[in-house]
Amino acid sequence: MTTIKKNIMLIDIDGTFVYNSSEVSKEDLNAFKKAEKYCYMGIATGRSVDEIAYIEQANNLKLDYRIGFNGALIINQENDVLYNKPIAKATLSALIDYLEEHQVIFDALDGKSRLGNFKHEAKNQLLGLEYQYLRSPYAAVRTKNVYKINLRPDTLANASQMTKELKERFPDLSIFQVGQRRIEISADNTSKGKALLKIVETPLKTIAIGDSENDISMFQQAEVSYCMAHAPAYVKETATFVVPRFSDAVTHFINMQEGN
């Protein structure tokens, strides 16, 4: 008997579905297969849509929604573009001026590749995306249609200070401190939570699973949310439940569906 899907589940990539940022574990992959019997499935990430597609192909998955760049690009299963918002050119230029002035280590994503002065040594974490290292990437980035920029401060303290300064200086950008030494920047008014609202049709129930600051907006909009136990305390406190792994979230969700 076919189960009528009444839910939509949005899943973060790094530290959640791809726990080690390079591959999906067998346990988490099996959990995904179980969840898709009950839910329309989507991935919502700061990464590119091409990297989402790489995960799909590598693991023989079929997603209903791909949400890239923290909500700046949304594509459905039929490859229709539902939302598309790169960083405005004037804002990008001002941001690059700031990065050059302060000699910030960063990489930029235009949807097809990454480029920057960050020396990315973990190629298995690129998820099929080309990376171009440039000692001085500023002029090249200005010519791109950039959806997201990752800043790479050297310490947690510097990351926190830079995040605060950037939010004051660039109120027309969406800025998230992710992990201990990464800041993610995308176009204004973009977030995973806003993306969720763009794709959900009533009476679908929404479930969100993630582990970082850029997942908070998604947790706040979802009816049920799960945060990974390794996340910072201020992220965990915004979720409905805290679990060790993605597979634990799915097990808990299915038990609720089946009344266990």
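We count residues from 1, following the sequence as given.
More than 12 non-hydrogen atoms from other residues, nucleotides or ligands lie less than 6.0 angstrom from NZ of K33. Summarising the local packing, NZ of K89 is surrounded by more than 12 heavy atoms from other residues, nucleotides or ligands at distances under 6.0 Å.
With contacts defined as side-chain heavy-atom distances shorter than 4.5 Å, the pair I52/R47 does not qualify. Side-chain contact between R245 and S25: present, with at least one pair of heavy atoms (C-beta onward) separated by less than 4.5 Å. In this structure, F253 and N7 have side chains that are in contact, with non-hydrogen atoms separated by less than 4.5 Å. The closest side-chain heavy-atom distance from C227 to D215 is not below 4.5 Å. Between V146 and P86 there is no side-chain heavy-atom pair separated by less than 4.5 Å. Residues V18 and V24 meet the side-chain proximity criterion, which asks for heavy atoms closer than 4.5 Å. Using a 4.5 Å cut-off on side-chain heavy atoms (C-beta onward), L95 and L166 make contact. Contact check for K198 versus I67: no side-chain heavy atoms found under the 4.5 Å cut-off.
Shortest non-hydrogen contact noted between S191 and F176 is CB-CZ, 4.1 Å. Contact record, S217 with K192: OG-N, 3.6 Å, taken as the closest heavy-atom pair. Pairing each heavy atom of F246 with each of M228, the nearest pair is N-SD, 3.7 Å. The shortest non-hydrogen separation linking P232 to D211 is CD-O, 4.0 Å. Of all heavy-atom pairs between G71 and A195, the closest is CA-CB, 4.0 Å. Between L92 and V141, the shortest heavy-atom contact is CD2-O, 3.9 Å.
Using modelled atom types and a 3.5 Å distance limit, the side chains of S186 and N70 yield no donor-acceptor pair. Using a 3.5 Å distance cut-off with no hydrogens or angles, the side chains of D14 and S21 do pair a donor with an acceptor. A donor-acceptor pair shorter than 3.5 Å cannot be found between the side chains of N158 and R181.
Ionic pairing of R142 and D97 is present here: one or more N-O contacts between side-chain nitrogen and carboxylate oxygen are shorter than 4.0 angstrom.
M41 and Y38 fall within a single hydrophobic cluster, where Ile, Leu, Val, Met, Phe, Trp and Tyr side chains are chained together by heavy-atom contacts under 4.5 Å. In the hydrophobic cluster analysis, where Ile, Leu, Val, Met, Phe, Trp and Tyr join through side-chain heavy atoms closer than 4.5 angstrom, L73 is grouped together with L129. Hydrophobic cluster membership is shared by V200 and L10, with clusters built from Ile, Leu, Val, Met, Phe, Trp and Tyr side chains linked at under 4.5 angstrom. A single hydrophobic cluster is seen to contain both I11 and I254, as judged by linkage of ILVMFWY side chains at heavy-atom distances under 4.5 Å, directly or through other members. Residues F219 and L197 fall into different hydrophobic clusters, defined by Ile, Leu, Val, Met, Phe, Trp and Tyr side chains chained together at heavy-atom separations under 4.5 Å.
Applying the salt bridge (Lys or Arg N to Asp or Glu O under 4.0 Å) test between D107 and each of R152, K148, K144 identifies R152 as the sole match.
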Give every donor-acceptor pair under 3.5 Å between a side-chain atom in residues 234-242 and any protein atom, sequence neighbours left out.
from, atom 1, to, atom 2, distance (Å)
Y234, OH, E213, OE1, 2.8
K236, NZ, A229, O, 3.2
T238, OG1, V235, O, 2.7
T240, OG1, S225, N, 3.0
T240, OG1, S225, OG, 3.2

Open item on the list: Run N117 and Y138 through side-chain contact (heavy atoms from CB on, under 4.5 Å) and show every step you take.
Closed with: CA-CA 9 Å; N117 56 5; Y138 311 105; 3.6 Å; yes
Step by step, would you call N20 with S22 a side chain to side chain donor-acceptor pair (under 3.5 Å)? CA-CA 6 Å; N20 62 1; S22 60; 3.1 Å; yes
